[in-house]
Amino acid sequence: MFPVVLCTLELAVRVLPRSFYSRDTSLVARELLGKTLMRHVSQGLLSGRIVETEAYYGLEDPASHSFRGKTRRCAVMWERPGLAYVYFAYGMHFLLNVVTEEIGVAGAVLIRSLEPIEGIDIMRANRRRGKITELASGPAKLTEAFGITCDFNGHDMTGGELVVTAESGLSDCAIGCSGRIGVSRGSDRQLRFYILDNRFVSKNKPIARHTGS
DNA sequence: CTTACGATCATCT
DNA sequence: GATGATCGTAAGC
C-alpha cells in the first residue's frame, strides 16, 4: 500500500553487506556484475544494473591511485570495505568506486556502466539526454545520471541513500574481461569485467576477450 | 561506422 | 607544472 515502506523493507533485506566487499578486489569486481546500484533522491528512486566494472589494487598496481601509498585523495581506498571512493577527474567528471579488501589494504572497484532500470526520466533530466543507452554507459555518465559527486566520498554503501543490492535479475550471464580503459600503466592486467553482449557496456571496448581456441 | 581533440581543475611531483 | 580510471563533438570513411 505504501511503496516507500515496501521499498525500505526490500532494501533492508537485500543490500550487500560489508563482508561482500572485504575480499579480493577482482572477485568483488566480477561479482558486482548483475547487481543493482540504487539511490534514493527527493524525486524518487534511481536504480541500474551494473554491467561493467574495473578492479584497482594498491601498492602493487601501477594504475591505482594508491600505487605510491596513501594520499589525501585516495585515503578512502585504505579504509573500511563498502565505503564509496568518489573522485574528480579531467576537470569535469566524477567517478564512483566501492572500497574493497580489509581495512589497511588499498583496493576499490570502479563502477563503469549501468543498465538503467528505475528513475529513467530523472536520469534523462540529469544527463540532458534522451537515449537510454547514453544515460549511464560510462563511469562519468552514471555519476551524472545518479547525481553523484564528491559529497559521496566516504559514504557507507552498505546502508543509506546509495547502496548496491543483491537483486540481479540475471541468472547465468557470460562475463568478458579485458585490460582497463584509460590507464597508461598496468593496462596489461585483465582487470576490466563486463557482461558480454550487453548493449549498455561502455562503447570503448578494447581488444581482449577469451576467444575459446 | 571510426578516429581526433578540447574542455578544465584537484591532486600530486 | 604536468597529468589524468572521460565525454561529446566534429570531421573523415
Side-chain angles (χ1 to χ4, degrees), chain A residues 21 24-30 32-33 37 48 50-79 81 83-101 105-116 123-155 157 164 176-195 197 199-208:
Chain A
Y21 300 103
D24 173 74
T25 305
S26 293
L27 184 64
V28 175
R30 273 196 302 276
L32 276 174
L33 295 177
L37 182 72
I50 298 169
V51 299
E52 180 182 356
T53 59
E54 283 177 359
Y56 287 86
Y57 287 92
L59 294 170
E60 76 276 25
D61 181 0
S64 172
H65 288 164
S66 289
F67 180 51
R68 295 179 196 282
K70 195 188 291 189
T71 66
R72 189 161 82 238
R73 176 172 64 166
C74 71
V76 178
M77 285 183 73
W78 302 72
E79 295 181 22
L83 299 188
Y85 170 42
V86 182
Y87 69 93
F88 187 58
Y90 295 102
M92 60 185 83
H93 300 307
F94 298 99
L95 278 68
L96 172 67
N97 301 250
V98 192
V99 175
T100 57
E101 311 282 348
V105 178
V109 172
L110 172 68
I111 309 215
R112 282 196 59 91
S113 300
L114 302 176
E115 173 177 345
M123 298 187 205
R124 286 197 171 106
N126 289 343
R127 289 271 300 140
R128 299 171 300 281
R129 280 194 172 52
K131 280 182 65 177
I132 189 146
T133 50
E134 292 185 1
L135 294 181
S137 57
K141 295 178 188 175
L142 71 90
T143 55
E144 186 175 47
F146 273 56
I148 293 168
T149 67
C150 281
D151 292 348
F152 279 93
N153 192 43
H155 168 83
M157 294 184 65
V164 181
C177 67
S178 77
R180 292 168 291 185
I181 294 179
V183 303
S184 55
R185 295 172 298 256
S187 53
D188 49 312
R189 299 181 70 181
Q190 305 287 291
L191 294 177
R192 171 174 175 258
F193 305 97
Y194 54 96
I195 296 181
D197 304 320
R199 59 200 267 255
F200 297 93
V201 168
S202 74
K203 181 79 196 220
N204 244 338
K205 274 181 226 181
I207 48 249

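Quick caveat: nothing in here was measured; it's all calculated off a predicted structure. Residue numbering restarts at 1 for every chain, and letters A, B, ... go by the order of the sequence lines.
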> A/Lys141 NZ to C/dT6 P: how many Å, rounded?
Replying inline: 12 Å

> For DNA chain C, what dot-bracket results from Watson-Crick or G-U pairs at under 3.5 Å, with [ ] for crossers and | for inter-strand partners?
Replying inline: ||||.|||||||.

>> Please report the interatomic distance CG(A/Leu191) to CG(A/Asp61), rounded to the nearest 0.5 Å.
In response: 6.5 Å

> Atom CZ of A/Phe67 and atom P of C/dT3: how far apart are they, to the nearest Å?
Replying inline: 17 Å

> Counting distance only, does the side-chain N/O of A/Arg112 pair as donor-acceptor with the main-chain N or O of A/Glu52 below 3.5 Å?
Replying inline: no

>> Rounded to whole Å, how long is the line connecting atom CD of A/Glu54 with atom C1' of C/dT6?
In response: 12 Å

>> Filter on salt bridge (charged side-chain N to carboxylate O under 4.0 Å, His left out), then keep only pairs touching residues 62-73 of chain A, sequence neighbours left out; what's left?
In response: none

> For DNA chain C, which residues in residues 125-138 of chain A have a heavy atom at a distance below 4.0 Å?
Replying inline: A/Arg127, A/Arg129, A/Gly138

> Of all heavy-atom pairs between A/Tyr21 and A/Leu32, which one has the smallest distance, and what is that distance?
Replying inline: CE2-CD2, 4.3 Å

> Is the closest side-chain heavy-atom distance between A/Val183 and A/Arg192 below 4.5 Å?
Replying inline: no

> Atom CD1 of A/Ile181 and atom P of C/dG4: how far apart are they, to the nearest Å?
Replying inline: 16 Å

>> Rounding to an integer number of Å, can you tell me how far A/Ile111 CD1 sits from C/dT6 P?
In response: 15 Å

>> Minimum heavy-atom separation for A/Gly58 and A/Ser64, please, with both atom names.
In response: O-CB, 4.0 Å

>> I'd like to check the side chain to side chain contact (heavy atoms under 4.5 Å, CB included) partners of A/Ala84; sequence neighbours left out, ordered by chain and number.
In response: A/Val86, A/Leu96, A/His155, A/Met157

> Checking A/Glu54 side chain against A/Ile181 main chain: does a donor-acceptor pair fall under 3.5 Å?
Replying inline: yes

> Between A/Tyr57 and A/Ser26, is a side-chain hydrogen bond (donor to acceptor under 3.5 Å, both in side chains) present by the stated rule, with each step listed?
Replying inline: CA-CA 9 Å; A/Tyr57 287 92; A/Ser26 293; 2.8 Å; yes

>> Which heavy atom of A/Asn126 sits nearest to which heavy atom of A/Ala145, and what is that distance?
In response: ND2-O, 2.7 Å

>> Measuring to OP1 and OP2 of C/dG4, would you say a side-chain N or O of A/Ser184 lies under 4.0 angstrom away?
In response: yes

>> Show every salt bridge (charged side-chain N to carboxylate O under 4.0 Å, His left out) that has at least one partner inside residues 130-141 of chain A, sequence neighbours left out.
In response: A/Arg129-A/Glu134

> At under 4.0 Å between heavy atoms, what does A/Ala63 touch on the DNA or RNA strands: base, sugar-phosphate, or nothing?
Replying inline: base

> Just by protein heavy atoms under 4.0 Å, how would nucleotides 4-13 of chain B read 5' to 3' in B, S and -?
Replying inline: ---BBBSSSS

